[in-house]
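Lettering follows sequence order; numbering is per chain, from 1.
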Amino acid sequence: MTTEPKKNPPLGRVIVITSGKGGVGKTTSSAAISAALAKQGFRTVVIDFDVGLRNLDMTMGCERRVVFDFINVIQGDAKLKQALIKDKRVDTLSILPTSQTRDKDALTKEGVEKVLNELKAEFDYIVCDSPAGIEHGAQMAMHFADEAVVVTNPEVSSVRDSDRVLGLLSSQTKRAETEGAEPIKAQVLITRYDQERVDRGEMMTVDDVLEILAVPLLGVVPESKAILKASNVGTPVVLDGPSAAAQAYEDAVSRLTGTQVEMRIVGERRPGLFQRLFGRAS
Amino acid sequence: MSDRYARTRHDPASATAAAFQVRGRFLTALALRVDTENAGGPFYAQLDEQLHKTPQFFSGAPVVLDLVNAPGISDPARLRELVENLRRRELLVFGVQNAAGIDPEVLKTLGLIAVPPGRDAPLPRDTGPARAVAAPRPIQNKVIHSPVRSGQMIVAEQGDLTIIGSVASGAELIAAGNIHVYGPLRGRAMAGCHGDESAHIFCQSLNAELVAIAGLYQTSETLGEVPGQGCTHIYLEDEKLCMKVIA
């Protein structure tokens, strides 16, 4: 897929994808959001902050191409250009993988800032995939952010953790510590939403979540089989053929870049009577 | 707008792992007031009797010597003798209070520190100057214009606290005066934290984990009978927390 790179000076926006709780879809969302941004022609880089676990490169399907990583760059063992991996599907997309052999203490505030500043001079969007938790790694991922996408599942503990993260975003980040700076623009992305279970009263509704978090809604990604399939083959879901989840991510990214898109909660198409009778998986 | 974003006190992100940490520490010590200028045989006999009666009470407890009634013991030789005799009885003497005019060098050689006279549990005698400290502090109210998130703690040490926004479960509000929440209260709210029983809590809907006024608290389990919706006024009457839906 070839996209026309934008010729204007780079926007240099840093977006952190965070959640507090693990397993809610941060890495999947990071992959999908960065790929969708790149598809729209924005020069985009996605950074894996989950030092020691390294999942993003697998989701992006480039784990065999990793030579140098984020930590090498921070420690001056490699140049940024050597560590950046250009995506083979969308040429405006790059990946900065992380180290699997180091731990999160290898991230220093100065090192992260230096790398981000270098990236800002070349990219429109710098997507930071935060590790779970609220410890050092997550704080490093969010510290220099301009915008935050807080990924939440419609489930109480996930929502509470997201609330905690929103508190940190508004108190322990560079924008919060700089007097007079505009606060981080935080938006919530609800993932693994299942309309059927909401209808049965088994799952929190979008309104319930928003009532607690009190931040704007970026999008609602339905629970979808396409997600796991795309992850397993190493393709961001938005590049893996049409699906309800891909559509939801595309919409969310349009909103992220400032386009007004009507909020629609698309469910996976329910199997018809015929399909149900013959038990064919969709 | 004051204090737009409340910050937690330390910033774990900024420092590399520090080798030490300085923290405030209060400890409870026994004060041994010597009421005789002549700390001789009868004094030690009485002391031994006391130690024999309640050995648990003294074991391991730090002890401060109070010389308010025995200024004569401030004399270096007599103080040394007293301290040595006490330490022989395994009393952990570490400080001296109300010992005006004692030479700091003498204390140093005895391994003692001069302790400022604090509040003793049974107040022996009103020592004038201690009273002047409690000048009324100026009232400082606090207004927060953003939602209070889970894990945040907002303290209005010397006045009222007003939150314009919601208070999430897991968040904590503490005020010396009243607390007003213009939004749902799902966290904890403690008004009158210095013991002001006339403090009140107001919120737009009450789903709190805990509400407390002047130390009297109720948790969500005992809040059950109170309707969660509607503006609620919480106040103290006859040492009981009362809750009223006012709108």
Legend entry - NZ/Lys114(A): more than 12 non-hydrogen atoms of other groups inside 6.0 Å: no
Inset, instruction - Take Arg186(B) and Ile212(A), measure what side-chain contact (heavy atoms from CB on, under 4.5 Å) needs, and give me the verdict at the end. - result: CA-CA 9 Å; Arg186(B) 302 191 182 96; Ile212(A) 291 172; 4.0 Å; yes
Legend entry - Donor-acceptor pair between Ser170(A) and Arg149(B) side chains, under 3.5 angstrom: no
Inset, instruction - Take atom OH of Tyr182(B) as the centre, draw a 6.0 Å sphere, and report whether it contains more than 12 heavy atoms from other residues, nucleotides or ligands. - result: no
Legend entry - Leu216(B), CG atom: more than 12 neighbouring heavy atoms under 6.0 Å: yes
Legend entry - Residue pair Arg160(A) / Ser169(B): nearest heavy atoms and the distance that separates them: NH2-OG, 2.9 Å
Legend entry - Residue selection (most heavy-atom pairs with chain B, distance under 4.5 Å) from Asp161(A), Leu107(A), Leu213(A), Asp105(A): Leu213(A)
Inset, instruction - Heavy atoms only: give me the nearest Asp163(A)-Val148(B) pair and the separation to one decimal. - result: OD2-O, 4.5 Å
Inset, instruction - Sort Glu211(A) into side chain, backbone, both or neither according to what part of it lies under 4.5 angstrom from a heavy atom of chain B. - result: both
Legend entry - Closest heavy-atom pair and its distance - Ser150(B), Arg164(A): O-CD, 3.0 Å
Legend entry - Greater than 12 external heavy atoms within 6.0 Å of Glu202(A)'s CD: yes
